[in-house]
Each structure stands twice: as C-alpha cells, then as structure tokens.
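Taking it in order: structure first as structure tokens, then the write-up.
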Amino acid sequence: MKAGDLSGDLERWRADRGSLPTDREARRELLERLRAWKAQHDQDRARQPGPFLQMAWDAVFSDEDDQVAEAIRQLEDALAQS
C-alpha cells in the first residue's frame, strides 16, 4: 500500500478500504503519512499572515484537506474494528 504522494495515498486507500483481508501494518503506515500531511498542512496554514491569506490557502487546499481528514477517520475506524 505504499505510495509516493498524497494523491497516490488517497487513491490506494479508496481502492483498499473495502478489501479483505486487511494489511494492518500497511494501513497504520498510511494513517501515519496522512496524519503527518495534515499536521504539516495545519502548520503551514497557521503561518499564513492575516485572514485573507488563510482564506486563500483554504480555497486552494480545502478539498485535499477534507479528503485527508475523511480518510484519517475511515482508517482509524477500520483499524479499531479489525
């Protein structure tokens, strides 16, 4: 389940999330990569000076941020259930 970038990670999760048997270690690795991306994204957004640039940041990155947050929730649920 290893991928080189965020879109690759998200695509692999979409393809893998319904498959059984699950590879817990691969899912944990993916979860850690997505959490790291989210943490870096939030830090980068917080560094934007003023509300206008933060709004511009959100306009550019909100779709990716939403997709990552949803994938994190799904992975956490999948790992908790397995």
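Nothing fancy with the numbering, it's 1 onward along the sequence. Small disclaimer: the values here were computed from a predicted structure and weren't measured.
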Worksheet item: Could Asp9 and Arg12 be called an ion pair, given the rule that one side-chain N must be under 4.0 Å from one carboxylate O?
Response: no

Could you give the distance from [atom1] ([X]) to [atom2] ([Y]), rounded to the nearest 0.5 Å?
X	Y	atom1	atom2	answer
Gln74	Leu31	CD	CG	11.5 Å
Asp63	Asp58	CG	CG	11.0 Å
Asp44	Trp37	CG	CH2	9.5 Å
Ile72	Arg33	CD1	CZ	12.0 Å
Leu34	Leu75	CG	CG	6.5 Å

With the side chain counted from C-beta on, respond yes when [X] and [Y] share a heavy-atom pair under 4.5 Å apart, and no when they do not.
X	Y	answer
Phe61	Arg45	no
Val68	His41	no
Glu32	Arg35	yes

Practice prompt. Could you tell me which residues satisfy side chain to side chain donor-acceptor pair (under 3.5 Å) with Gln81, sequence neighbours excluded, listed by chain and number?
Written response: none

Item to complete: Test Arg73 against Glu76 for salt bridge (Lys or Arg N to Asp or Glu O under 4.0 Å), laying out the working first.
Response: CA-CA 5 Å; Arg73 282 189 295 276; Glu76 289 171 341; over 6 Å; no

Worksheet item: For Asp42, which residues count as a salt bridge (charged side-chain N to carboxylate O under 4.0 Å, His left out) partner, sequence neighbours excluded?
Response: Lys38

Item to complete: With sequence neighbours excluded, tell me which residues meet salt bridge (charged side-chain N to carboxylate O under 4.0 Å, His left out) with Glu11.
Response: Arg14

Worksheet, complete the sentence: From the list Glu70, Glu64, Gln67, side-chain contact (heavy atoms from CB on, under 4.5 Å) with Leu10 holds only for Gln67

Worksheet item: Taking all atoms of both residues into account, what is the closest heavy-atom pair of Ala46 and Gln54, and its distance?
Response: O-NE2, 3.8 Å

